[in-house]
Amino acid sequence: MDYLKLDKLDKQILAFIAKDARIPFLEVARECNVSGAAIHQRIQKLTSSGVLKGSEFIVDPEKIGYETCAFIGLNLKNPETFDQVVERLKEMPEVVECHYTTGNYDLFIKVYARNNHHLLDFIHDRLQPLGLARSESIISFHSAIDRQLPIADMMQED
């Protein structure tokens, strides 16, 4: 897989914007001791190369009534249906992540539901018809660590 070689300035920029995507470029430039134009060019390079995938506001699911977070391992009756199952999962707003994995599951998904009853209905009414041989659910009580890759810590490794 191709990857972009990051220099010290790239890593400094990433550390600042990962902490606060709304930080003004001029503030990043001052902190990095370079011009605003240099920061703008670097951000464009990092974006066009795919290192940066945009910026977003993060909605807290609990604050809007989705109190149950679950991870569900899926085993398909017919593994040849992977692509079709993934396309169907994309249509389900409760599914926020889907991973192809090694180990016990064909797919591993992260789901938000309003409560445990909603989760049960979701599994029974929406997931089972996808052609599952079996599924295993793990409910998360609380996310102890929820972060991006810590660029600032990685800067020290070079």
Side-chain angles (χ1 to χ4, degrees), residues 1-32 39 42-76 82 85-128 130 132 134-158:
M1 172 173 255
D2 291 336
Y3 65 93
L4 183 66
K5 180 81 171 127
L6 302 176
D7 64 16
K8 184 178 178 182
L9 179 58
D10 290 331
K11 290 178 182 178
Q12 284 179 308
I13 293 167
L14 289 173
F16 282 113
I17 65 173
K19 207 178 299 176
D20 178 8
R22 298 176 74 186
I23 190 171
F25 287 177
L26 287 177
E27 189 174 329
V28 175
R30 275 193 297 276
E31 292 291 334
C32 295
I39 297 300
R42 292 293 182 113
I43 295 284
Q44 285 200 312
K45 176 187 81 169
L46 292 166
T47 301
S48 65
S49 66
V51 172
L52 289 176
K53 294 183 176 184
S55 60
E56 59 190 20
F57 287 100
I58 299 169
V59 176
D60 183 340
E62 270 190 59
K63 302 287 187 196
I64 60 169
Y66 285 76
E67 297 180 359
T68 300
C69 174
F71 297 90
I72 305 173
L74 306 176
N75 289 98
L76 305 177
F82 263 47
V85 170
V86 170
E87 288 306 310
R88 298 269 308 275
L89 291 170
K90 286 178 183 178
E91 297 169 2
M92 300 176 190
E94 295 91 346
V95 178
V96 296
E97 292 182 27
C98 177
H99 301 267
Y100 294 106
T101 62
T102 61
N104 295 330
Y105 311 113
D106 295 321
L107 296 165
F108 197 71
I109 62 175
K110 181 178 180 181
V111 172
Y112 282 103
R114 289 184 299 279
N115 51 42
N116 289 349
H117 184 74
H118 178 204
L119 179 63
L120 176 62
D121 288 346
F122 175 78
I123 293 168
H124 184 266
D125 299 341
R126 307 276 300 286
L127 292 182
Q128 288 301 330
L130 296 177
L132 301 184
R134 68 180 194 85
S135 66
E136 183 176 341
S137 303
I138 302 166
I139 292 177
S140 170
F141 291 128
H142 174 72
S143 176
I145 298 172
D146 184 7
R147 64 179 176 203
Q148 293 187 57
L149 196 57
I151 300 298
D153 294 343
M154 296 175 67
M155 286 176 50
Q156 297 167 356
E157 294 175 4
D158 290 341

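Residue numbers start at 1 and run along the sequence shown.
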message = Could you go through Met92 and Leu127, starting from their C-alpha distance and side-chain angles, then the distance that decides it, and tell me whether this counts as side-chain contact (heavy atoms from CB on, under 4.5 Å)?
response = CA-CA 10 Å; Met92 300 176 190; Leu127 292 182; 4.3 Å; yes

Closest heavy-atom pair and its distance - Ser49, Leu46 =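 Nearest heavy atoms, Ser49 then Leu46: OG-O, 3.2 Å.
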
ask   = Where is the tightest heavy-atom contact between Arg126 and Leu130, given as atom of each residue plus distance?
value =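 Smallest heavy-atom distance, with atoms named: O-CG, 3.6 Å.
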
Name all residues meeting the side-chain hydrogen bond (donor to acceptor under 3.5 Å, both in side chains) criterion together with [X]; count only those two or more places apart in sequence or in a different chain, and write none if there are none.
X: Ser135; result: none
X: Asn116; result: Thr68
X: Lys90; result: Glu87
X: Asp121; result: His117

inquiry  = Go through it in stages, so that I can follow the logic: the residues are Arg30 and Phe25, the test is side-chain contact (heavy atoms from CB on, under 4.5 Å), and I'd like the CA-CA distance, side-chain angles, deciding distance and then a yes or no.
reply    = CA-CA 9 Å; Arg30 275 193 297 276; Phe25 287 177; over 6 Å; no

message = Under the salt bridge (charged side-chain N to carboxylate O under 4.0 Å, His left out) definition, can you give me all pairs with a residue in residues 46-70, not counting sequence neighbours?
response =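 Sorted result for residues 46-70: empty, none.
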
Which atom pairs, one a donor and one an acceptor, fall under 3.5 Å between side chains of residues 99-111 and the rest of the protein, sequence neighbours left out?
residue: His99; atom: NE2; partner: Glu97; partner atom: OE1; Å: 2.8
residue: Thr101; atom: OG1; partner: Tyr105; partner atom: O; Å: 3.0
residue: Tyr105; atom: OH; partner: Glu136; partner atom: OE1; Å: 2.8
residue: Asp106; atom: OD2; partner: Leu76; partner atom: N; Å: 2.7

ask   = Quick one: side-chain contact (heavy atoms from CB on, under 4.5 Å) partners of Arg114, sequence neighbours excluded?
value =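 Checked Arg114 against side-chain contact (heavy atoms from CB on, under 4.5 Å); matches are Tyr66, His118.
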
All side-chain contact (heavy atoms from CB on, under 4.5 Å) counterparts of Ile23, not counting sequence neighbours =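 Checked Ile23 against side-chain contact (heavy atoms from CB on, under 4.5 Å); matches are Phe16, Ile17, Asp20, Glu27, Val28.
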
Given side chains that start at C-beta, do those of [X] and [Y] come closer than 4.5 Å, heavy atoms only?
X: Val95; Y: Ile72; answer: no
X: Ser137; Y: Phe71; answer: no
X: Phe122; Y: Gln128; answer: no

task = Report the residues that fulfil salt bridge (Lys or Arg N to Asp or Glu O under 4.0 Å) with Asp7, sequence neighbours left out, ordered by chain and then residue number.
result =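 Asp7: salt bridge (Lys or Arg N to Asp or Glu O under 4.0 Å) contacts with Arg42.
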
query = Can you list the steps and then say if Leu119 with Glu94 is a side-chain contact (heavy atoms from CB on, under 4.5 Å)?
reply = CA-CA 9 Å; Leu119 179 63; Glu94 295 91 346; over 6 Å; no

